[in-house]
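To keep things clear, I will list the structure first and then write my remarks on it.
These figures come from a predicted structure and were not determined experimentally.
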Amino acid sequence: MSTEQKEKLAVIRHSTSHVMAEAVLKLFPGSKVAIGPAIDTGFYYDFELTRPITQEDLPLIEKEMRRILAGNHDFSRKEISRQEALALFADQPYKVELINELPDDAVISIYTQDGFTDLCRGPHVANTKEINAQAFKLMKTAGAYWRGDEKRPMLTRIYATAWEKPADLKNYLDMLAEAERRDHRKIGKELDLFHIDEDNPGEIFWHPNGWMIYSIIKDYVRDKIRKDGYLEVNTPFVMPRSLWERSGHWAKYKEYMFITESEKRLFALKPMNCPGHVEIFKNRLRSYKDLPLRIAEFGSCTRNEASGALHGIMRVRGFVQDDAHIFCTEEQIPSEVKKFCHLLKDMYKDFGFTDDKISVKFSTRPELRVGDDATWDRAEAALADACVQAGLEYEIQPGEGAFYGPKLEFTLVDALGREWQCGTIQVDYQLPSAERLNAEYVGDDNAKHHPVMLHRAVLGSLERFMGILIENFAGAFPPWLHFQQAVVIPVAPAFNGYAVQVKGLLADAGIRVAADESNDRMNAKIRLAQTQKIPYMLVVGEKESAEGTVAVRFRDGRPQQIMTVDEFCTYVRQNVASHSVTL
């Protein structure tokens, strides 16, 4: 969708939110209105209602909205004085608060349609006929504190989606239904991958099936980075306040850190790994000949996220990052970033995310930052040069860089077209500096210098990435990732022995396999395997037992094939070795 289309849609959505507010006030006289912005998929409006509403009320509000739209009312804009605004909204305390917070020289504007007037800077559509009455839907209600402050009143928020055309609405609702089918929490339960205990929010209990996949991902990453020149390390899970103060995290990140005390000293469970990696770099005298030094860690991190922000395994308190830090000279930045980009794309491809499903954002210096402009100029120029060398096309995100340096963010597009920001590489002159953790190396001039530190991750949080994979594949993992690649299904108990024999041969070949020796009928065994989304179902009976073959049924429904056990082993090994996402 182009920028122009996005802007047009945002105007339609915001205008529709005003129509909804009008409908709510007509149906629930005496209610108070707060704010109603457009959001990525629609809009919401917050109300203090005269009575609680439920999902059953939403169709009534929609009906009233359509009645209003049928009137073809103009949206008229008017600028008024502060005194006029306060008088106009005297019975609307939330609007009065907003007006009082406006600066003295602010332009105060109102929009009116069908006799309903709202405080708003706009813009809006010219007439309600520009809003398609069949292209919006009220989705749900939720509680929302006024201004996001739990000490302020709890309001009722009505969420809605709105589109330019009914077909767009249908596509979105179909996508939501498919997203619900793919929900990683639902599939996690169906495939027995993990659970999260209500008494221990944000922490994951991995079951054998889930841990098998998690371990495969971890081993895959470990093999890739080892071949790419990384040295794996492990740093303490608990580190002292003094280190976090020197790194700057205590001042900027303390509220997200779990803090403990021992022997009258404060310690924190690490929320990130970078200070520990600097400590390893500093442990002995380094030379310019040691650079670039690539230090990697499957770092176990803990962050004190609000319970309301937690979401399955996508947003948790305890997680592991495929974290690494590259200590290099300023001149080495472009080549190291280019090298990282090649590694990242190679890894993403193996998980099914080809170049057309990857977008890159270049985040530049934020308003609140450390370091002088000259240093930022050099860092941004080096990162831009690396993008050219790596052949990356990117979108600029002004002011979205880390407080210590610019960064690249890599976003993946999944099977439903949803975007997930996963990989990142950040250029940091600050943490290794004398003002922070004072990492040094001896240059070819025999003088001491501070290295540049590149923070980078490919998958990010392994937990979140696995949640993305679950939803992207709808639980039907490719063979190289699946916790069980094959199941041997005897057509009758008389062939259990041969099924077990085949299982043993496949297991010896390194294939993750089970034999279903239950008393269920063959069709029930096949249905169970399909429910577990097992890639290959090997049916064996009298003919297969006599000929040393298996009848291979494929998860994707392609025609059954007869193979010898050795042929099947070779087939699977080749598929797994290529990291194919198909069968």
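Summarising the geometry of A439 relative to F281, their closest heavy-atom pair is CB-CD2, 3.8 Å, with the distance given to 0.1 Å. In terms of heavy atoms, P166 sits closest to N132 at CD-ND2, 3.4 Å. Residue L138 comes nearest to L58 through the heavy atom pair CD1-O, 3.8 Å, listed as atom of the first residue, atom of the second, then distance. Nearest heavy atom pair, residue I216 against residue W480, reads CG2-O, 3.6 Å. Closest approach of F43 to A38, counting heavy atoms only: CB-CA, 4.0 Å.
Annotation: ring-ring contact (aromatic ring centres under 6.0 Å, His included) contacts of Y429 (sequence neighbours excluded): none. Residues passing the ring-ring contact (aromatic ring centres under 6.0 Å, His included) test with W376: none are found, sequence neighbours excluded. Applying the side chain to side chain donor-acceptor pair (under 3.5 Å) criterion to R13, with sequence neighbours excluded, gives no partner residue. With sequence neighbours left out, the side chain to side chain donor-acceptor pair (under 3.5 Å) criterion links T161 to W163. In this structure H277 satisfies the ring-ring contact (aromatic ring centres under 6.0 Å, His included) test together with H325, sequence neighbours excluded. H195 is linked by a ring-ring contact (aromatic ring centres under 6.0 Å, His included) to F205, H207, counting only residues two or more places apart in sequence or in another chain. Residues passing the side chain to side chain donor-acceptor pair (under 3.5 Å) test with S363 are Q397, sequence neighbours excluded. In terms of the side chain to side chain donor-acceptor pair (under 3.5 Å) criterion, R555 has no residue partners (sequence neighbours excluded).
N209 contributes no side-chain N or O that, together with a main-chain N or O of F483, makes up a donor-acceptor pair within less than 3.5 Å. Side-chain atoms of Y45 do not come within 3.5 Å of backbone N or O of A160 as any donor-acceptor pair. For the pair R303 (side chain) and P271 (backbone), a donor-acceptor distance under 3.5 Å is present. Remark: the backbone N or O of A167 is paired with a side-chain donor or acceptor of N171 at under 3.5 angstrom. A distance-only check finds a donor-acceptor pair linking the side chain of Q55 to the backbone of M139 [under 3.5 Å]. Side chain of Y348 to main chain of G423: a donor-acceptor pair is present (N/O by atom type, distance under 3.5 Å, no hydrogens or angles). Counting only distance, with no hydrogens or angles, the side chain of S247 and the backbone of P275 share no donor-acceptor pair below 3.5 Å. Between the side chain of T424 and the backbone N or O of L408 there is at least one donor-acceptor pair closer than 3.5 Å.
Rounded to the nearest 0.5 angstrom, L506 CG and D566 CG are separated by 9.5 Å. Here the straight-line distance linking atom OG1 of T16 with atom CD1 of I131 works out to 4.0 Å at 0.5 Å rounding. To the nearest 0.5 Å, atom OG of residue S2 and atom CG of residue L9 are 10.5 Å apart. Here the CZ-CD1 distance, from R182 to I187, works out to 7.5 Å after rounding to the nearest 0.5 Å. Interatomic distance, CD of E130 versus CG of L69, reported as 11.5 Å (0.5 Å rounding). Between the CE atom of M212 and the CG atom of L193 there is a distance of 12.0 Å, given to the nearest 0.5 Å.
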Can you give me every donor-acceptor pair (side chain of residues 332-346, partner residue at least two apart or in another chain, under 3.5 Å) with its distance?
{"residue": "Q332", "atom": "OE1", "partner": "T329", "partner atom": "N", "Å": "2.9"}
{"residue": "Q332", "atom": "OE1", "partner": "T329", "partner atom": "OG1", "Å": "3.4"}
{"residue": "Q332", "atom": "NE2", "partner": "L291", "partner atom": "O", "Å": "3.3"}
{"residue": "S335", "atom": "OG", "partner": "Q332", "partner atom": "O", "Å": "3.1"}
{"residue": "E336", "atom": "OE1", "partner": "R294", "partner atom": "NE", "Å": "2.9"}
{"residue": "E336", "atom": "OE1", "partner": "R294", "partner atom": "NH2", "Å": "3.4"}
{"residue": "E336", "atom": "OE2", "partner": "R294", "partner atom": "NH2", "Å": "2.9"}
{"residue": "K339", "atom": "NZ", "partner": "D228", "partner atom": "OD1", "Å": "3.3"}
{"residue": "D346", "atom": "OD2", "partner": "K224", "partner atom": "NZ", "Å": "2.6"}

In a table with atom names and distances, give each donor-acceptor pair under 3.5 Å that connects a side chain of residues 528-538 to protein atoms at least two apart or in another chain.
{"residue": "T531", "atom": "OG1", "partner": "R527", "partner atom": "O", "Å": "2.9"}
{"residue": "Y536", "atom": "OH", "partner": "L583", "partner atom": "O", "Å": "3.3"}

Enumerate donor-acceptor pairs with a distance under 3.5 Å from any side-chain N or O in residues 462-479 to protein atoms, sequence neighbours excluded.
{"residue": "E463", "atom": "OE1", "partner": "V320", "partner atom": "N", "Å": "2.9"}
{"residue": "E463", "atom": "OE1", "partner": "S461", "partner atom": "OG", "Å": "3.4"}
{"residue": "E463", "atom": "OE2", "partner": "Y214", "partner atom": "OH", "Å": "2.8"}
{"residue": "E463", "atom": "OE2", "partner": "V320", "partner atom": "N", "Å": "3.4"}
{"residue": "R464", "atom": "NH1", "partner": "Q421", "partner atom": "O", "Å": "2.7"}
{"residue": "R464", "atom": "NH2", "partner": "Q421", "partner atom": "O", "Å": "3.4"}
{"residue": "E471", "atom": "OE1", "partner": "R418", "partner atom": "NH1", "Å": "3.1"}
{"residue": "E471", "atom": "OE1", "partner": "R418", "partner atom": "NH2", "Å": "3.0"}
{"residue": "E471", "atom": "OE2", "partner": "H184", "partner atom": "N", "Å": "3.0"}
{"residue": "E471", "atom": "OE2", "partner": "H184", "partner atom": "ND1", "Å": "3.0"}
{"residue": "N472", "atom": "OD1", "partner": "A415", "partner atom": "N", "Å": "2.7"}

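Ring planes of W206 and W211: tilted class, angle from 30 to 60°. In this pair, H18 and H14 present their aromatic rings perpendicular. The plane angle is above 60°, beyond the 30 to 60° band.
Inspection of the S578 and S580 side chains reveals no N or O donor paired with an N or O acceptor under 3.5 Å. Counting only N and O atoms by type, the side chains of E297 and T235 include a donor and acceptor under 3.5 Å apart. Side-chain contact check for D356 and T354: at least one donor-acceptor pair (N or O, by modelled atom type) lies under 3.5 Å.
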As a quick check of understanding, evaluate salt bridge (Lys or Arg N to Asp or Glu O under 4.0 Å) for R365 and D377, giving each step before the final call. CA-CA 9 Å; R365 68 193 75 184; D377 289 342; 2.7 Å; yes
For side chain to side chain contact (heavy atoms under 4.5 Å, CB included), just list the numbers for Y404 and H455, CA-CA rounded to whole Å, side-chain angles, deciding distance to a tenth of an Å, and then say yes or no. CA-CA 11 Å; Y404 48 76; H455 306 243; 3.9 Å; yes
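Sorted by first and then second residue, the pairs that involve residues 305-326 and meet salt bridge (charged side-chain N to carboxylate O under 4.0 Å, His left out), not counting sequence neighbours, are E305-R315.
By the neighbour-count criterion of 12 heavy atoms within 6.0 Å, atom CG of D40 is sparsely surrounded, having that number or fewer from other residues, nucleotides or ligands.
Salt bridge absent: R378 and D372 never bring a charged side-chain N and a carboxylate O closer than 4.0 Å. Taking the charged nitrogens against the carboxylate oxygens, R369 and E380 have no contact shorter than 4.0 Å, which rules out a salt bridge.
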